[in-house]
2 protein chains.
Amino acid sequence: MKIKKEVTIYDLAKELNYSPSTISRALNNHKSISKKTIKLIKEAAEEMGYRPNNLAAGLRNNKSNTIGVLISRINRPFMASLISGIEETARKAGHNVLISQSNDKYENEISNCNTLYDSRITGLIVSLSMETVEMEHFKKFVDKGIPIVFVDRVPDNFNSYKVVIDNYTAGYSATKHLIEQGCKRIAHFAGAQHRNVYRERKKGYLDALREHGLPIEDNLIVNFKTLSFEEGNKATKKLLKMGNPPDGIFSANDTAAVSAIMCAKKMGVEVPEELAVIGFNDDPIASIVQPSLSTVSHPASKMGAISAKRILDHSANTYDTELSEITVLGTEIVVRDSSRKKDIVLESE
Amino acid sequence: MKIKKEVTIYDLAKELNYSPSTISRALNNHKSISKKTIKLIKEAAEEMGYRPNNLAAGLRNNKSNTIGVLISRINRPFMASLISGIEETARKAGHNVLISQSNDKYENEISNCNTLYDSRITGLIVSLSMETVEMEHFKKFVDKGIPIVFVDRVPDNFNSYKVVIDNYTAGYSATKHLIEQGCKRIAHFAGAQHRNVYRERKKGYLDALREHGLPIEDNLIVNFKTLSFEEGNKATKKLLKMGNPPDGIFSANDTAAVSAIMCAKKMGVEVPEELAVIGFNDDPIASIVQPSLSTVSHPASKMGAISAKRILDHSANTYDTELSEITVLGTEIVVRDSSRKKDIVLESE
DNA sequence: ATAGTTAACGGAATCGATTGCGTAAATTAA
DNA sequence: TTAATTTACGCAATCGATTCCGTTAACTAT
């Protein structure tokens, strides 16, 4: 197998009797090069199979036109859509996307952080791992003026760009929806409380109960570790076996909510009549399960797009403001069969 | 915002009174540097916050320790798992992962190909876009000795590494399973026939019918464009309205299969009694839909891991053999309720 | 016609890490 | 003790693109 030699701007320079400077400028449409020359050089480049070397350009400019993404796992519907949005926006701007997953491990997050830094990324988009508390590993980006956008699972104690949904309002609305459907004893599947998303959702749940005069019962609030199907199953079984079982569940994610529906059905509990359920995320399974799952939908792909745009803008304006801008996106209550006990006037928010 | 200056090996050299060569070698554990010196230098590097510049190293070595991934879309369960497998394997070997989606457009695939090439990736992992026929855009990788691994949706006419599942056997087994359940008129939801995966699945379906003495009826074979939920819905409705409707469906993906189940239920057709359904992929929705969907599962994440390993091995052995190795992975028929008309001895393959 | 301006391009340093070749000192062999 | 190795390191070129200064020639204004 013969390996073809790389065509560089020096090869073009020699071939066309121009200096490498001129070749470089021509390829970048520099104004001090005549249209004619630019055309000539570009055509020759095309013909000779020239392809720019991003490593060389990156080294010289100390930037790689690459956005780094650091998330827990890719194969979750929300994360996949998020990345999709990032990729689309980045690519349109001529940027690449480097991905890395922490698998929710703090150690991995640190290590991936370093690796991404070593690639001299233009900016970093992060959704925190479940374990992360310390934020020290992000400091080196700040020191170097590399923008970080935290998305969805964001830190409380770190000043930076953030793109989130209004988890509080979503939790409040979801709970309120169940109340409006006539639920009196609403359980909550809560996620880890040190992560903003789950904490805010629970806050919304609590406030909704309070504001509608419903008592808060600790034994109706289940603290989950991972909000998995199995955990949801176990929790539901336990709840339904109570002497005084709940008549509604607001789950902080769809996976656990679906498991609740399936568990209830198996136990002969009617959904939504005896148990209304609402989830969070609007995963594909939500519209497939029967009865279909009411849930909270949020624009994952859009969040990705916005996050990417933040970084692109930042690097274009080169450190304009020091303001850490937080983008809060709205959510939408999607009412399906799992919670529809009455005819509803569709709410739009 | 003050931007800290980068710490380079030259800074370390000056600080420690060594030459940059020694610093570089020490950091790479070169054998000609004494253990003591290595330890000294590494500790100083750590303390001074030194971080290697991958761009510089990459330029010098003409490789970036980065694997490029070129797929249709990220937010499909199969693809997300595939990438996850790639990322995990790559990272363990100290490689990064660049992703790009073609959105099933030929144009995008070409453009992404070039962008990835420009980043001097170590190797490329590709699942072809729906539109792709010409393979010209991949030639430049071959010319440069950069390995390409085609995965799942692979070309017929291009010599390279390939990682696939045995679609033919899977299609055959899925159909055979329906036959064994007593189905006599089995429909097939077929994908675009210029893509190996769908073509092979259909071949398996046809052979299974033939070998079991069942007639092949053209009007039971539906050619899909995208195997979407909507398409599946429409096709199912049409099939069930026939004077002589099918009693089984083998769908080339789960999305369309699920839509078939839901459509049948809505039309009052019993699944699996009147219509047995089996899908392909074992997406999360398959185990959620009711009745749960029988399907073909395949190891997406493992495919990703193998693909990544191919590239890592290739670049380590620097052009060892010219053999284009094809890896074929097995699949498994997952029998669930949508096709279980009789008691089954679980098959394992 | 002459100074001033502009257009179009070239020279050479630079980004940070790597590495082939060379060398001085230390160690071993004989 | 002297030659032969080995150990431990330094010099300087190199990877490919970019860009700060120039420079030359053509052009414009007066």
- Query: Excluding sequence neighbours, so at least two apart, what forms ring-ring contact (aromatic ring centres under 6.0 Å, His included) with B:H194?
  - Reply: none
- So, B:R195 and B:D152, do they make that salt bridge, N to O below 4.0 Å? no
- Does the distance from a Lys or Arg side-chain N to an Asp or Glu carboxylate O, for A:E109 and A:K105, drop under 4.0 Å? no
- Message: Categorize A:N28 for me: base, sugar-phosphate, or nothing, with a 4.0 angstrom heavy-atom threshold over every strand shown.
- Response: sugar-phosphate
- How long is the span from the NE2 atom in B:H30 to the CD1 atom in B:I38, to the nearest 0.5 Å? 9.5 Å
- Query: Quick one: A:H30 NE2 to D:dC20 C1', roughly how many Å, whole number?
  - Reply: 11 Å
- Query: Out of curiosity, B:N103 CG to A:E87 CD, how far, rounded to the nearest 0.5 Å?
  - Reply: 7.5 Å
- Query: Over how many whole Å does the gap from A:N53 atom CG to D:dT18 atom P extend?
  - Reply: 10 Å
- Message: By the 4.0 Å heavy-atom rule, please label A:N17 as base, sugar-phosphate, or nothing.
- Response: sugar-phosphate
- Query: For B:L27 and D:dC9, what is the distance between atoms CG and P respectively, to the nearest whole Å?
  - Reply: 13 Å
- Item | Side-chain ion pair, B:E134 and B:K139, N-O less than 4.0 Å | no
- Message: Check A:E6 with B:K144, please: is the shortest side-chain N to carboxylate O separation under 4.0 Å?
- Response: yes
- Message: Considering every strand and a 4.0 Å limit on heavy-atom distances, what is the contact class for B:S21: base, sugar-phosphate, or nothing?
- Response: base
- Message: Under 4.0 Å, heavy atom to any atom of DNA chain C: which of residues 31-43 of chain A qualify?
- Response: A:S32, A:I33, A:S34, A:T37
- Message: Assess whether a salt bridge exists between A:R153 and A:D104, defined as any Lys/Arg side-chain N lying under 4.0 Å from an Asp/Glu carboxylate O.
- Response: yes
- Task: Using atom CZ of A:R60 as one end and atom C1' of D:dT19 as the other, report the distance to the nearest whole Å.
- Result: 5 Å
- Query: Under 4.0 angstrom, heavy atoms only, what part of the nucleic acid is A:Y10 near: base, sugar-phosphate, or nothing?
  - Reply: base
- Starting at the 5' end of DNA chain C, which residue's closest nucleotide do you reach first, A:N62 or A:S19? A:S19
- Heavy atoms of chain A, cut-off under 4.0 Å: which first and last nucleotide of DNA chain C, 5' to 3', fall inside that, if you could look? C:dA8 to C:dG16
- Message: Whole angstroms only, please: what is the CG-C1' distance between B:L59 and D:dT14?
- Response: 9 Å
- Task: Please name the residue in the list B:L128, B:V126, B:I148 that meets the side-chain contact (heavy atoms from CB on, under 4.5 Å) test with B:P155.
- Result: B:L128
